[in-house]
Participant: 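Handing you a structure now.
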Amino acid sequence: MEKEQHEQYEYARRRIKQKKRLYFHFVLFLLGSFFLFIANKFFAIDVEADWYIWGITIWFFIFILHFIKVYITDRFMNKNWEREQIDRLVSLQQKKITQLQTKINEESST
């Protein structure tokens with residue numbers, strides 16, 4: 001297997017693993033929310049304060065952050081993006097070095 005094919009395979013494997021963890025997190029969120037609701041209603045744990053709503057809301061916020069990481073951030077800012085940014089910065093540095101060398105050569109020849 002060539003290096004590029006291997007990198008593509010590893011990227012696909014890593015993305016599938018991320019999505020699998022996200023789906024597991026979603027199922028865990030649903031079951032946990034249901035359990036918190038049941039605990040509040042049937043076990044009469046501090047019925048006056050709807051504490052379970054706060055728990056579910058915080059957990060939902062964490063799930064949304066996980067979703068954003070998997071489907072937005074990692075999708076665009078992956079290894080290829082890093083490589084492109086590094087190549088761009090290196091080329092800018094090379095261009096500046098070339099300009100400085102040209103300027104030094106021009107000044108030394110005068």
Side-chain angles (χ1 to χ4, degrees):
M1 190 181 302
E2 292 182 27
K3 182 180 177 182
E4 187 174 314
Q5 287 178 331
H6 182 69
E7 286 177 3
Q8 289 174 347
Y9 172 78
E10 286 299 320
Y11 173 74
R13 192 172 70 80
R14 186 174 54 83
R15 289 291 294 160
I16 289 172
K17 195 173 186 179
Q18 284 179 332
K19 290 179 181 180
K20 184 178 175 182
R21 287 180 183 158
L22 180 67
Y23 298 149
F24 178 76
H25 187 179
F26 180 68
V27 170
L28 192 63
F29 167 70
L30 290 178
L31 292 175
S33 298
F34 180 72
F35 174 75
L36 290 175
F37 176 76
I38 296 297
N40 187 59
K41 295 298 178 188
F42 294 111
F43 298 133
I45 302 173
D46 197 14
V47 179
E48 297 298 320
D50 290 332
W51 57 270
Y52 72 98
I53 293 175
W54 286 103
I56 292 171
T57 303
I58 292 169
W59 199 348
F60 182 71
F61 180 72
I62 292 169
F63 174 75
I64 292 298
L65 291 177
H66 190 179
F67 179 86
I68 289 170
K69 181 186 182 311
V70 171
Y71 280 102
I72 296 174
T73 306
D74 283 356
R75 187 174 192 181
F76 298 110
M77 294 183 187
N78 54 24
K79 291 289 184 186
N80 292 334
W81 180 83
E82 288 178 20
R83 194 172 300 131
E84 289 172 4
Q85 295 300 313
I86 290 171
D87 291 343
R88 186 180 64 81
L89 291 174
V90 167
S91 69
L92 285 173
Q93 289 174 346
Q94 290 292 341
K95 185 178 177 181
K96 286 182 181 181
I97 289 172
T98 305
Q99 288 174 348
L100 287 172
Q101 285 177 341
T102 305
K103 186 176 179 180
I104 290 173
N105 289 340
E106 288 174 356
E107 289 177 0
S108 65
S109 63
T110 35

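Side chains are part of it too, since the values below use all heavy atoms of this structure and drop only hydrogens, waters and symmetry mates. These numbers come from a predicted model, not from an experiment.
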Participant: May I have all residue pairs that pass salt bridge (charged side-chain N to carboxylate O under 4.0 Å, His left out) and include part of residues 20-31, sequence neighbours excluded?
Facilitator: none
Participant: Could you list the residues that satisfy side-chain hydrogen bond (donor to acceptor under 3.5 Å, both in side chains) with R15, not counting sequence neighbours?
Facilitator: Q18
Participant: Using a cut-off of 6.0 Å, state whether more than 12 heavy atoms not belonging to F34 lie near its atom CZ.
Facilitator: no
Participant: Could I get the full list of side chain to side chain contact (heavy atoms under 4.5 Å, CB included) partners for T102, not counting sequence neighbours?
Facilitator: T98, E106
Participant: Which residues end up grouped with I86 if you chain together Ile, Leu, Val, Met, Phe, Trp and Tyr wherever their side-chain heavy atoms are less than 4.5 Å apart?
Facilitator: V90
Participant: According to a hydrophobic-cluster definition based on side-chain heavy atoms being under 4.5 Å apart (Ile, Leu, Val, Met, Phe, Trp, Tyr only), do I104 and I97 belong together?
Facilitator: no
Participant: Which residues pass the salt bridge (Lys or Arg N to Asp or Glu O under 4.0 Å) test with R88, sequence neighbours left out?
Facilitator: none
Participant: Nearest 0.5 Å please: distance from the NZ atom of K103 over to the CD atom of Q101.
Facilitator: 13.5 Å
Participant: Report the hydrophobic cluster partners of V27, with the cluster defined as I, L, V, M, F, W, Y residues connected by side-chain heavy atoms closer than 4.5 angstrom, directly or transitively.
Facilitator: L31
Participant: Quick check for you: to the nearest 0.5 Å, what is the distance between K96 atom NZ and L100 atom CG?
Facilitator: 9.0 Å
Participant: So if you build clusters from Ile, Leu, Val, Met, Phe, Trp, Tyr with side-chain heavy-atom gaps below 4.5 Å, do F26 and L22 land together?
Facilitator: yes
Participant: May I have all residue pairs that pass salt bridge (charged side-chain N to carboxylate O under 4.0 Å, His left out) and include part of residues 23-34, sequence neighbours excluded?
Facilitator: none
Participant: Distance-only check: which donor-acceptor pairs under 3.5 Å involve side-chain atoms of residues 58-72, not counting sequence neighbours?
Facilitator:
from: W59; atom 1: NE1; to: H25; atom 2: NE2; distance (Å): 3.3
from: H66; atom 1: ND1; to: H25; atom 2: ND1; distance (Å): 2.8
from: K69; atom 1: NZ; to: D74; atom 2: OD2; distance (Å): 2.9
from: Y71; atom 1: OH; to: Y23; atom 2: OH; distance (Å): 2.9

Participant: In chain order, what residues pass the ring pair (Phe, Tyr, Trp, His ring centres under 6.0 Å) check against F37, with sequence neighbours excluded?
Facilitator: Y52
Participant: State yes or no: do I56 and I38 share one hydrophobic cluster built from I, L, V, M, F, W and Y residues joined by side-chain heavy-atom distances below 4.5 Å, directly or via other members?
Facilitator: yes
